[in-house]
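When a ligand or atom number is given, it counts from 1 through the structure's own listing order.
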Amino acid sequence: MKRDLLTILDLNREEIEGLLARARVLKSWHRQGRSHTPLAGKTLAMIFDKPSTRTRVSFEVGMAQLGGTSIYLAPGQTQLARNEPVADTAQVLSRYVNGVVIRTFAQETVEELAAHASIPVINGLTDSHHPCQVLSDLLTIRERFQDLAHLKVAWVGDGNNMANSWITAALHLDFTLYLACPQGYEPDTDLVQQAQKTGKRVYLTQDPQAAVADVQVINTDVWASMGQEDEAATRREVFKPYQVNAALLQLARPEAMVLHCLPAHRGEEIAAEVIDGPQSMVWDQAENRLHFQKALLEWLLG
Ligand code: CP
Ligand code: NVA
């Protein structure tokens, strides 16, 4: 049976652990210059309704390194833009390619594509989730802190797609997650409730200082996500107290790492002194998208 990655909830804990372990192996092989081409003859279609640097490039490079090829379908460049049904597109692509990455607005679009495709569908970001980013961020964290069970992770800022994916990760793994979001900008209420009902250590607050106290990982993201450009000015005012700056970082553990999925806005959600400072892991974080997604592609398409 084909498998999809629409949210992190599509995986179980063992599968997440397996992918993280495999990504570390593939990363070390890559560093050694060792060729590994299990996807020779396979093709990945990449439907993008929003811009992308990291997701697009890391999936394309990942497919190439695994011996396969990819086809980038730019915003507005398929018949989807002229209202060809998602279900029909799913059936047609299933006759040509071995897997699809889709970046779009509604999570329902990704679900519909997966429901009608006989090939694996990977969510490359929707308004609600960004599973590939958070799973590869777990790889970045693991490289520094082996023991996730005793890890305290903070999310500071918008309760957006990234925040939701962090909650889904916490539903499967044992780390403690503190989310500091302004009122009215909280993550998915159902996910928060699910975490709380199942006894997971997921805590929501409006106080960024409380959220980062004693944590080993601080995460943030843009204040206005793709598709929210019209709200950017309002959001800049609302989110001002949520900037990750040196004063906030001081409250975390001295060994704390700072993550940002990028693109970043220095002086808004993150101060330049932090993102360009010694505790920032953002470049390793961006690199790890490649290694994690190669493990994912190998597993889903191999
Ligand atoms: N972090 C991330 O997904 O970046 P892109 O939007 O550049 O793909
Ligand atoms: N929350 C951001 C993430 C970008 C990778 C957005 O959706 O635009």
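Short contacts between ligand 2 and Leu262, defined as distances under 4.0 Å to a heavy atom of the residue, involve ligand atoms 5 (C). Within the listing of ligand 2, atoms 1 (N), 2 (C), 3 (C) sit less than 4.0 angstrom from a heavy atom of Asp221.
Listed here is the closest heavy atom pair of Glu84 and Leu80: O-CD2, 3.4 Å.
Remark: Arg56 is positioned above the aromatic ring of Tyr72, its terminal NZ or CZ atom under 6.0 angstrom from the ring centre and at most 45 degrees off the axis.
Taking CG of Leu20 as the start and CG of Leu148 as the end, the distance is 7.5 Å to the nearest 0.5 Å.
Applying the ring-ring contact (aromatic ring centres under 6.0 Å, His included) test between Phe175 and each of Phe145, Tyr203, Trp155, Trp166 identifies Trp166 as the sole match.
Ranking protein heavy atoms by distance to atom 7 (O) of ligand 2, first place goes to Asn161 ND2, 2.8 Å. The protein heavy atom nearest to atom 8 (O) of ligand 2 is Met226 N, 2.8 Å. For atom 4 (C) of ligand 2, the closest heavy atom belonging to the protein is Leu125 CD1, 3.9 Å.
Heavy-atom separations between Thr55 and ligand 2 are all 4.0 Å or longer.
Using a 4.0 Å heavy-atom criterion, the residues that approach ligand 1 are Ser52, Thr53, Arg54, Thr55, Arg103, His130, Gln133, Cys261, Leu262, Arg289.
Taking a 6.0 Å sphere around NE2 of His150, one finds it holds 12 or fewer heavy atoms contributed by other residues, nucleotides or ligands.
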*Could you walk me through whether Val92 and Gln79 pass the side chain to side chain contact (heavy atoms under 4.5 Å, CB included) check?*
CA-CA 12 Å; Val92 171; Gln79 297 286 9; over 6 Å; no
